[in-house]
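Shown next, in structure tokens, is the structure this report addresses.
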Amino acid sequence: MKAARLKDILVTATEKLQHRLEAEVLIAHALQKDRTYLYAHDQAQLSDDQLSHIHQLIKRRQLGEPIAYLLERKDFYGRSFRVTPAVLIPRPETELIIDQANHLRLPHHAKVLDVGTGSGCIGLTLAAEHPDWTVCVSDCSKEALLVCQHNRQALDLTNVVMHQGDLLLPWRGQTFDLIVANLPYIALDDPHLNQGDLRHEPATALVADEAGLSLIRQLIEQAPQYLNLGGYLILEHGYDQQAELKKALQNQGVTEIQGLQDLAGHDRLVMGRWVGA
């Protein structure tokens, strides 16, 4: 990128990426400005440091690195979350968990658990939406919890409890009115793992044994011990896993089981209620 005018840099970046919006977003991020600045100051001369930063971002994007990791943030349910390669990138379809939780008739001071929280986008959003709830979040990854902690502080949330550990083990002896989870559900041999953003996301947040179902099945088996009577369980899953997970919930005595679809019409969530054995 030899040209130093902002206007010329935008043209060059667009040619390299073959995507105008991505070029604008990355340049604006490098300059710590919003996108409108690019056009209001298109004759501005850029420094060598600015040019170098832009060049690095464009190169990383050309190599396929996700935009969210380059920007170190992703919007979810109207809030901005820090993301790094240590966590899964929040996706719009996961917002369906929030929609469903918001419609449940839970106690005013409900106790809620988000298992495998990653960036915290689910649990922290529920905590922000419901300040009277106590929201517990956990993850087996220390690095992921550091990202979640950053987001908790950025959102100024005081009703969140965090612990590290596998599935429900950190919460032994406690019970909840609602448990939510977006656990790994992709099979080890799924070809999509070699495509798009998935190539750069942590495998531990994506992949599970037993055709992607092992961790979700474990959670379903353990959940009744951790749910209050009348408590709910909401789980995200893959497009072809809903029938199998409904059976697993039935086998554990969960009732009022529902399968829900995302806006694209794909099976996305299973939800059920624990009313006792």
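Bear in mind that the values here come from a model prediction, so they are computed numbers and not experimental data. One is the number of the first residue; the rest follow in order along the sequence.
For His109 and Trp133, the gap between ring centers reaches or exceeds 6.0 Å.
Put simply, Val112 and Phe81 are part of the same group of oily side chains (I, L, V, M, F, W, Y) that touch within less than 4.5 Å, one to the next. The hydrophobic clustering, which links ILVMFWY residues whose side-chain heavy atoms are closer than 4.5 Å, places Leu206 and Leu145 apart. A chain of hydrophobic side-chain contacts below 4.5 Å, direct or via other Ile, Leu, Val, Met, Phe, Trp or Tyr residues, connects Tyr77 to Val135. A continuous path of Ile, Leu, Val, Met, Phe, Trp and Tyr side chains, each step under 4.5 Å between heavy atoms, connects Leu126 with Met271, placing both in one hydrophobic cluster. In the hydrophobic cluster analysis, where Ile, Leu, Val, Met, Phe, Trp and Tyr join through side-chain heavy atoms closer than 4.5 angstrom, Leu21 is grouped together with Leu38.
Scanning all heavy atoms of the two residues, the minimum distance from Ala208 to Pro184 falls at CB-O, 3.7 Å. In this structure, Cys140 and Gln164 approach most closely via the heavy-atom pair O-NE2, 3.2 Å. Between His163 and Pro170 the shortest heavy-atom distance is CB-CB, 3.8 Å. Here the closest non-hydrogen pair linking His192 and Leu198 is O-CD1, 3.3 Å. Residues Ile122 and Ile98 share a closest heavy-atom pair of O-CD1, 3.6 Å. Heavy atoms only, all atoms of each residue included: Leu106 and Asp177 are closest at CD2-O, 3.8 Å.
The pair Glu22-Arg60 fails the salt-bridge criterion, with no side-chain N (NZ, NE, NH1 or NH2) lying under 4.0 Å from an Asp/Glu carboxylate O. Remark: Glu95 does not engage Arg268 in a salt bridge, criterion side-chain N to carboxylate O under 4.0 Å.
More than 12 non-hydrogen atoms from other residues, nucleotides or ligands lie less than 6.0 angstrom from CD of Gln43. Dense packing is recorded around CG of Leu63, with more than 12 heavy atoms of other residues, nucleotides or ligands lying under 6.0 Å away. Atom CG of Asp156 has 12 or fewer heavy atoms from other residues, nucleotides or ligands within 6.0 Å. In the displayed structure, Tyr239 atom OH is contacted under 6.0 Å by at most 12 heavy atoms of other residues, nucleotides or ligands. Annotation: Lys74, atom NZ; neighbour count of heavy atoms from other residues, nucleotides and ligands within 6.0 Å does not exceed 12.
With no hydrogens or angles considered, no side-chain donor-acceptor pair links Asp139 and Thr117 at under 3.5 Å. Checking His237 against Gln242 by side-chain atom types alone, a donor-acceptor pair falls below 3.5 Å. If you check the side chains of Lys246 and Gln258, you find no donor sitting under 3.5 Å from an acceptor.
The backbone N or O of Lys7 sits nowhere less than 3.5 Å from a side-chain atom of Asp42 that would complete a donor-acceptor pair. With Thr12 contributing its side chain and Asp8 its backbone, the two residues share a donor-acceptor pair below 3.5 Å. Side chain of Arg61 to main chain of Ile58: no donor-acceptor pair is present (N/O by atom type, distance under 3.5 Å, no hydrogens or angles). A donor-acceptor pair under 3.5 Å is formed between the side chain of His103 and the backbone N or O of Asp99. Between the side chain of Asn151 and the backbone N or O of Ser119, at least one donor-acceptor pair lies under 3.5 Å.
When each of Leu249, Leu260, Val254 is checked for a side chain to side chain contact (heavy atoms under 4.5 Å, CB included) with Val270, only Leu249 meets the rule.
Using a 4.5 Å heavy-atom threshold, the side chains of Val160 and Thr134 count as separate. Residues Leu193 and Arg199 have side chains not in contact (no heavy-atom distance under 4.5 Å, counting atoms from C-beta outward). Contact annotation: the side chain of Val161 never approaches that of Val137 to less than 4.5 Å [non-hydrogen atoms, C-beta and beyond].
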Let me check something: any side-chain donor-acceptor pairs from residues 215-225 under 3.5 Å, sequence neighbours excluded? List them with distances.
{"residue": "Arg217", "atom": "NH1", "partner": "Glu210", "partner atom": "OE1", "Å": "2.8"}
{"residue": "Arg217", "atom": "NH2", "partner": "Glu244", "partner atom": "OE2", "Å": "3.1"}

Audit row: Glu201, Arg91, salt bridge (charged side-chain N to carboxylate O under 4.0 Å, His left out) steps and yes/no: CA-CA 13 Å; Glu201 295 182 90; Arg91 288 167 166 78; 2.5 Å; yes
